[in-house]
Amino acid sequence: MHVIQTGADWNKYWLDSLKNNKIIGLVPTMGALHEGHLDLIRKARLRSDIVVVSIFVNPTQFNNQEDFEKYPTTLEADLAKLREEKTDFVFLPNTDTMYPEKPSLSINFGELERVLEGAFRPGHFNGVGIVVSKLFNIIKPHKAFFGQKDLQQTAIIKQLVKDLSFDIELEIVSTRRAEDGLALSSRNVRLSAEERKQSLVLYASLIQASEELLNGRSWLQVQNQINRNFEEMSLARLEYFELIHPESFHRYKEFDSSQKSSICVAAYLGDIRLIDNLPIIP
Ligand code: PAF
């Protein structure tokens with residue numbers, strides 16, 4: 001496994017791989033790797049000849065400085081996992097490589113960034129859009145792999161690829177869950193034992209809401225019930241619980257089984273913000 005730190009380092013290998021008609025698959029990450037990331041890497045391994053995993057905790061996508069400072073970093077353990085997965089290259093840039101200067105460009109994702117994550121984390125998707133564009137331009141992959149847990153991020157990146165004509169095939173990999181249902185996330189390691197127990201309310205609410213909608217209850221009733229569950233039965237502070245179209249992120253007022261729908265949730269356990277989502281499959 002080669003560890004590379006700059007685009008110039010990578011370009012030598014990139015030219016070789018081009019000459020040999022190799023398919024390059026990129027898995028962008030912020031490190032603190034868990035089984036969910038490993039699923040992306042395994043998918044990349046299946047679909048590409050050369051797997052590049054980037055690890056960069058991107059400061060510009062954190063709208064909360066404390067969240068950035070507390071973001072877990074486990075580099076040695078990450079590298080060991082990547083070696084085990086037979087990753088070919090790890091791209092490990094530093095902040096100066098990625099941002100020699102503060103970017104003056106900003107990306108407006110329109111309606112997509114005015115709802116849910118976009119509304120609650122101002123500037124977040126601009127930071128994601130810029131760093132992912134930079135990674136695409138530096139690594140020049142044929143394919144890139146992202147997790148479905150960050151559903152709105154996948155919609156943002158699809159739009160980025162379409163609007164900026166990146167010649168990159170995106171693959172979205174299903175959410176990996178712990179046995180009790182909690183979606184794996186790098187932030188989970190910061191949960192106390194009590195918060196970890198309480199965090200189950202996110203997935204439980206998604207399941208309950210999906211079942212009730214499929215049994216004919218109205219979205220308003222379901223949403224009110226879930227709001228009450230959070231208020232009365234959990235330490236988790238609900239930020240949003242919404243029924244949306246999984247690509248446009250248009251918010252539905254009513255469930256219609258003929259339309260694609262997902263439910264998205266965000267909630268705080270202490271100062272840790274968790275998100276999750278579930279497609280509704282009639
Ligand atoms: O999903 C993440 O880990 C990050 O948002 C990403 C895509 C690596 C960009 O920093």
Side-chain angles (χ1 to χ4, degrees), residues 4-5 7 25-41 43-44 51-65 67-75 77-78 81-82 87 89-95 97-99 102-103 105-107 109 112-113 116-118 120-139 141 143-161 164 166 168-176 183-190 249 264 266 272-277:
I4 45 172
Q5 289 186 298
L26 172 67
V27 182
T29 82
M30 298 207 297
L33 302 180
H34 50 68
E35 282 294 321
H37 293 113
L38 302 188
D39 284 347
L40 301 182
I41 294 164
K43 189 50 81 65
V51 176
V52 183
V53 176
S54 64
I55 299 182
F56 178 62
V57 184
N58 173 36
T60 66
Q61 72 185 75
F62 286 83
N63 55 312
N64 172 337
Q65 183 63 17
D67 188 28
F68 173 58
E69 281 159 16
K70 290 189 174 166
Y71 200 83
T73 46
T74 54
L75 186 58
D78 290 352
K81 287 177 189 165
L82 293 177
T87 303
F89 292 89
V90 186
F91 180 51
L92 208 59
N94 61 30
T95 309
T97 303
M98 292 305 278
Y99 297 108
K102 191 171 180 286
L105 183 84
S106 68
I107 308 177
F109 288 96
L112 253 186
E113 71 168 47
L116 312 195
E117 291 302 283
F120 283 96
R121 301 186 68 190
H124 169 63
F125 287 133
N126 178 54
V128 170
I130 291 206
V131 81
V132 169
S133 303
K134 280 172 174 275
L135 291 169
F136 285 173
N137 283 326
I138 295 169
I139 304 297
K143 301 181 181 198
F145 299 80
F146 295 90
Q148 195 184 340
K149 189 186 76 74
D150 296 303
L151 185 66
Q152 198 168 356
Q153 172 172 279
T154 65
I156 288 279
I157 293 167
K158 282 179 192 164
Q159 191 175 331
L160 191 77
V161 164
L164 296 183
F166 280 111
I168 295 174
E169 195 184 305
L170 296 177
E171 197 154 334
I172 310 305
V173 178
S174 333
T175 303
R176 173 70 86 104
L184 296 195
S185 156
S186 301
R187 289 183 177 85
N188 292 355
V189 294
R190 294 188 49 226
F249 272 72
C264 293
I272 303 157
R273 187 171 182 278
L274 300 178
I275 61 172
D276 200 353
N277 67 84

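Just so you know, ligand 1 is whichever comes first in the structure, and atom 1 is the first atom listed for that ligand.
- The pair Glu117-Arg273 meets the salt-bridge criterion, with a side-chain N (NZ, NE, NH1 or NH2) lying under 4.0 Å from an Asp/Glu carboxylate O.
- With values rounded to the nearest 0.5 angstrom, Gln61 atom CD is found 6.5 Å from Gln153 atom CD.
- A salt bridge is absent between Lys143 and Glu171; no separation between the charged side-chain nitrogens and carboxylate oxygens falls under 4.0 Å.
- Numbered from 1 in the order shown, with element, the atoms of ligand 1 that lie under 4.0 Å from a heavy atom of Pro28 read 8 (C).
- Between Phe68 and Phe62, the angle of the ring planes lies from 30° to 60°, which puts this pair in the tilted group.
- Within the listing of ligand 1, atoms 9 (C), 10 (O) sit less than 4.0 angstrom from a heavy atom of Val131.
- Within the set Met30, Met98, Gln61, the minimum heavy-atom distance to atom 9 (C) of ligand 1 is found for Gln61.
- In this structure, Tyr99 and Phe56 have tilted ring planes: the angle between them lies in the 30° to 60° band.
- Of the protein's heavy atoms, Gln153 NE2, 2.9 Å lies nearest to atom 1 (O) of ligand 1.
- With a 4.0 Å cut-off on non-hydrogen atoms, Thr29 touches ligand 1 through its backbone and not its side chain.
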